Amino acid sequence: MLGIEPDKSLFEILCDNLKTAKTNYDVYIPWYIMTSKENNDSTVEYFAKHKFFGYEKDKNIFFFEQGELPMVDTEGKILIGEDGMVKQAANGHGGIFEALVKNNMTNKMRELGIEWVF
């Protein structure tokens with residue numbers, strides 16, 4: 001029976017697919033993982049705890065943080081936190097290209113000879 005293995009995290013399943021590509025095509029596919037300010041440290045720690053699922057961390061796994069935008073309510077009013085500051089939240093997938101540039105990931109891609117991003 002094919003399916004998701006319940007004891008594996010989504011990260012491990014994705015990494016298994018990348019390792020299969022390495023086996024089948026003899027090429028490492030660099031893995032760029034966009035995180036948020038809130039989950040970056042825990043995500044990197046999770047990967048380290050699991051030894052990066054057997055993928056080459058220094059050469060092929062790159063973490064970068066996405067940007068943030070002000071939070072608004074359903075009426076479009078900006079939300080203010082208890083500290084008096086504008087509340088912000090991760091800007092989602094729409095900010096990926098800006099985040100790649102701001103975190104110098106596009107430079108890393110050029111260094112690795114990457115021509116296409118999916």
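Source: prediction; values computed, not measured.
- One hydrophobic cluster, built from ILVMFWY side chains closer than 4.5 Å, cannot hold both Val44 and Leu100; they sit in different ones.
- Interatomic distance, CG of Leu14 versus NZ of Lys19, reported as 11.5 Å (0.5 Å rounding).
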Dump the intermediate steps for side-chain contact (heavy atoms from CB on, under 4.5 Å) on Glu56 and Lys22, then the final yes or no. CA-CA 11 Å; Glu56 291 188 24; Lys22 167 63 174 128; over 6 Å; no
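- Taking 4.5 Å as the limit, some side-chain heavy atom of Tyr32 sits within range of a side-chain heavy atom of Lys108.
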For Val117 and Met109: C-alpha separation, side-chain torsions, deciding distance, then whether side-chain contact (heavy atoms from CB on, under 4.5 Å) applies. CA-CA 9 Å; Val117 178; Met109 290 174 179; 3.7 Å; yes
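- The SG atom of Cys15 sits 6.0 Å away from the CG atom of Leu18 when rounded to the nearest 0.5 Å.
- Heavy-atom minimum distance, Lys59 versus Leu112: O-CD1, 4.3 Å.
- Using bins of under 30°, 30° to 60° and over 60° for the plane-to-plane angle, the ring pair Trp31/Tyr55 lands in the perpendicular bin.
- With values rounded to the nearest 0.5 angstrom, Phe52 atom CZ is found 14.0 Å from Glu12 atom CD.
- Asn103 places no side-chain N or O within donor-acceptor distance of the main-chain N or O of Met105, the cut-off being under 3.5 Å.
- Separating the CG atom in Asp16 from the OG1 atom in Thr23 is a distance of 10.0 Å, to the nearest 0.5 Å.
- Nearest heavy-atom pair across Ile78 and Val86 is CG2-CG1, 3.5 Å.
- Distance OG1/Thr43 to CD/Glu65: 9.5 Å, rounded to 0.5 Å.
- The distance from the CD atom of Gln66 to the NZ atom of Lys37 is 11.5 Å, given to the nearest 0.5 Å.
- Between His50 and Phe53, the ring-plane angle classifies as parallel under the 30° and 60° cut-offs.
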side-chain contact (heavy atoms from CB on, under 4.5 Å), that's the test. Do Phe64 and Ile33 meet it? Break it down for me. CA-CA 6 Å; Phe64 65 100; Ile33 302 169; 5.9 Å; no
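- Look at Lys49 and Glu45 and you find no salt bridge, because none of the NZ, NE, NH1 or NH2 atoms lies under 4.0 Å from a carboxylate O.
- What you find for Gly67 and Ala99 is that their closest heavy atoms are N-CB, 4.5 Å.
- Looking at Asn24, its side chain never comes within 3.5 Å of a backbone N or O of Ala21 through a donor-acceptor pair.
- Counting non-hydrogen atoms of other residues, nucleotides and ligands closer than 6.0 Å to OH of Tyr46 gives a total above 12.
- The closest donor-acceptor contact from the side chain of Asp73 to the backbone of Gly76 lies under 3.5 Å.
- By the 4.5 Å heavy-atom criterion applied to side chains, Ile96 and Met34 are counted as neighbours.
- Placement of Leu10 and Phe63 within a single hydrophobic cluster is found when ILVMFWY residues are connected by side-chain heavy-atom separations under 4.5 Å, directly or transitively.
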